[in-house]
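These notes concern the structure reproduced below.
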Amino acid sequence: MTGRRSLVLAFFTGVGGLGSESVHLKLLDQTVGAAPTTSVLVVALFIAGVGVGAWLSRSVRAPFAVEVLLAIYYALLALSLPRVLGINASVLGALAPALGPTTSATLLGSVYVLPPAVLLGITFPMVAESSGNPARAYGWQSFGALTGLLLVDAVVFPTSGLTSCLLMLAGAHVASTMLLWPVRYTAVRSSWGEVPLRLLSVGIATGGLQAAWLVLARRLFKPFYFLTPVLLATFLVGLFLGSVLWLRLRWSFERSIRAVCVGASISVSAAAALFLLEPPASVMSMTVQLVLVVAPTAIPIGALWPAFVGAERRPRRALGAAVLALSLGNAAGLLFTAFFLLTYTNELVAIMLLLTLLAAIAFAGERRSTTITAALGIVVVVAVFCSEEVMLRRVNKGQSIESIDASFRRFGEVTGVFRYRAPRARADTTSPVFARRLHQNGYSPVVLDHNMEGVISIVGASYAKRFGRALVLGAGSGRSAGVASMIFDEVDLVDVGETSSGLLRFLRDDNFDVLARQGVRLHRCDAILAPRFLPSGYDIIIMTVDPAFVASAAKLYTVESLAAFKSLLAADGVLIFWSDGLLTLEANQVLVNTAAEVFAHQRSYSVLPVQKAASPWDYFLVANSSDELKFRPDRSAIQRVPRDRFMNAVLELDESEQVTPLKLHATKATHRFDNPSWSVLVSGYRYALSRD
């Protein structure tokens, strides 16, 4: 195989290999959910599987057969995705009673990603060997991965959905098959002793760095649709530029590690500085800041593997061993960082600890290690200075934080309840008033001292026919579930957060001690799994997850997901969800249209009286049912809710004043699994900026 042909092949293996990680993340999100433990474990398995495939490449004679299998796998998955989702439902329904929904989802997600991951790792060592220049082949594969990522996240997924993404991957593997068709290799033997342990230890540090940066970026820029693609793209650009830089400079492996230490120290210092500045005012500003902050880390990481394997021809058993070491290290670093470091330290300190590990590897036995350790120590001081309070100031724009009442960390999740000095009118000369906010995982803080949250349960109950069973999707402070527990006999509360239990107990005075109330059950899993393990027959489903708060929540508002939730309702049951005017008018109209396609009857209830609201779509609720909706707020069960805990205007519950036919936008579009609404996906960032 010619060198030029090998580089083209490296590009396509990048599109179908590393570039497929974004597709696999979306596939997991849509099928088994986004629980933190599931995401971390399954992604780590994917990375490790690629390394195992690289190790096995030495035993493969006809790599085109591997590419054929991958093309068939993705094509079949794309063409049978609805049926696959049906099988998921059966498997999860069978496993969940014994193992729980999250463990069951983790096992099922592993089945999705591990076999293709092993196959994905097989081809690259052969390509790198044939190219005669492994470093250049690595750069071209990184460029292919970047191309695949941009195509998926910016073009294919938001316009055509997951099925088209899978078909695109199938096409990339068809192209690889055509390039590999006449090529045959000789099988070789080797031992596990050839796995370079030093590269394994470097992989642990760099894998942990990437995990910590993902969580840190969510704190800096809010976790919306653009964030993860921009972060992954920045790392892939860094891998490409790092390989190009190394081909020019030919640094030693040790010097490349030192470059990572220096670059990451610059990145951490820049991130610490960003916490003291105002959040960016646009998506473009966010992108520029994120690229400038992460690039000093990503570029030197891109030089590590080329520096280790060199630019001369190397046998594929050595190349495969290097990929295996780096992949296993990355997987181990990801797990160690997510399950330990990010639970007991903040993100900046975790990064500095990982850099200290890299420095120890690079400078072991050298006097210069003292110098680098001292330099890193200075940046650790900067990291410690950026405490939780400093981080919260960034998302609590313009307000002075008085105290942090509680803080919870687990698997990279960060939840905090804090007090801040509430803004006062200029003429107000009274004593300062302190209000409370709830901050979760980088999202805009939610004010706790208002009466808005529980309103959805009161209004929903006014439309419900009976008060037997309720399902609440999304916990937050727990107030909506707490109100529902005062009205309905049984309440199932579903929340994906690992910190939800501790938070709900801490806020017991706000949520009527919901976890201690009889008939309340908390299920810690992704809400998309609810139809797959909960029994049907609910009188009401209350969706408190804001549809545009984060892109992954938008999956709950597709036609397919709403139809699945409908199957959980009794024949005359009600499904109700929030929407508001801080989203775009088009996005709101899409949500209304989507629910109207699934349910025969729909009412839009304005939380603010229509004649007093700035516009009729300010903070409104959408109630849906297969049966006619009748508003009956005077029943005794609803009257049990304390009147002094909620907005007077809402407690009047005058439907004639607060229900209006909404015409938000002219669009007739809906939000579907394979035809997602771009407006719904991207409204989240605008929402957060407006809300702040």
Side-chain angles (χ1 to χ4, degrees), residues 452-465 470-474 476 480 483-484 527 530 538-549 553-566 568-569 572-610 613 615-633 647 650 653-672 677 679-680 683-684 687:
M452 196 76 77
E453 274 193 87
V455 167
I456 190 172
S457 297
I458 299 173
V459 175
S462 298
Y463 284 110
K465 303 297 189 297
L471 171 61
V472 181
L473 303 179
S480 297
V483 172
Y538 288 99
D539 298 302
I540 191 170
I541 296 178
I542 303 168
M543 298 177 67
T544 70
V545 183
D546 196 303
F549 218 35
K555 69 191 177 189
L556 302 177
Y557 293 84
T558 61
V559 169
E560 293 82 0
S561 293
L562 291 180
F565 292 134
K566 178 183 176 181
L568 286 178
L569 289 170
D572 54 0
V574 175
L575 181 144
I576 188 168
F577 61 84
W578 276 103
S579 197
D580 61 68
L582 294 177
L583 280 71
T584 63
L585 299 185
E586 180 181 354
N588 275 321
Q589 187 66 61
V590 168
L591 296 178
V592 171
N593 295 349
T594 303
E597 182 160 328
V598 177
F599 294 92
H601 301 274
Q602 185 179 82
R603 302 298 293 271
S604 299
Y605 186 99
S606 176
V607 172
L608 301 173
V610 174
S615 61
W617 47 84
D618 276 349
Y619 291 102
F620 66 92
L621 299 164
V622 184
N624 310 271
S625 180
S626 298
D627 197 15
E628 185 177 355
L629 288 164
K630 293 182 179 180
F631 193 70
R632 295 182 294 167
M647 300 169 62
V650 173
L653 296 176
D654 187 342
E655 191 184 37
S656 63
E657 287 189 8
Q658 296 180 232
V659 173
T660 178
L662 292 175
K663 190 63 176 176
L664 309 174
H665 190 274
T667 183
K668 296 181 180 179
T670 56
H671 187 49
R672 295 176 179 273
S677 168
S679 62
V680 172
S683 278
Y687 174 87

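Computed from a predicted structure; not experimentally measured.
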Where [X] and [Y] come nearest, the two heavy atoms and their spacing:
X      : Y      : result
Val472 : Ala484 : CG2-CB, 4.3 Å
Ala461 : Ile540 : N-CD1, 3.9 Å
Gly474 : Thr544 : O-OG1, 2.9 Å
Tyr463 : Ala623 : CD1-CB, 3.9 Å
Ser679 : Thr584 : CB-OG1, 4.3 Å
Ala464 : Arg632 : O-NH2, 3.9 Å

[X] vs [Y] side-chain heavy atoms within contact, under 4.5 Å:
X      : Y      : value
Lys465 : Asp539 : no
Leu621 : Val455 : yes
Val592 : Gln602 : yes

Enter the distance from [X]:[atom1] to [Y]:[atom2] here, rounded to the nearest 0.5 Å.
X      : Y      : atom1 : atom2 : answer
Ser561 : His671 : OG    : NE2   : 8.0 Å
His601 : Asp572 : NE2   : CG    : 11.0 Å
Met543 : Ile456 : CE    : CD1   : 9.0 Å
Ser579 : Gln589 : OG    : CD    : 10.0 Å
Phe620 : Leu591 : CZ    : CG    : 7.5 Å
Ile576 : Arg603 : CD1   : CZ    : 11.5 Å

Would you say the side-chain atoms of [X] pair up with the backbone N or O of [Y], donor to acceptor, closer than 3.5 Å?
X      : Y      : answer
Ser462 : Ile458 : yes
Ser626 : Phe599 : no
His665 : Leu585 : no
Thr667 : Glu586 : no

Kindly determine whether Phe577 and Asn624 satisfy side-chain contact (heavy atoms from CB on, under 4.5 Å), including the steps that lead there.
CA-CA 9 Å; Phe577 61 84; Asn624 310 271; 3.6 Å; yes
The single option from Thr670, Leu556, Val598 passing side-chain contact (heavy atoms from CB on, under 4.5 Å) against Leu562:
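Exactly one candidate clears the test, Val598.
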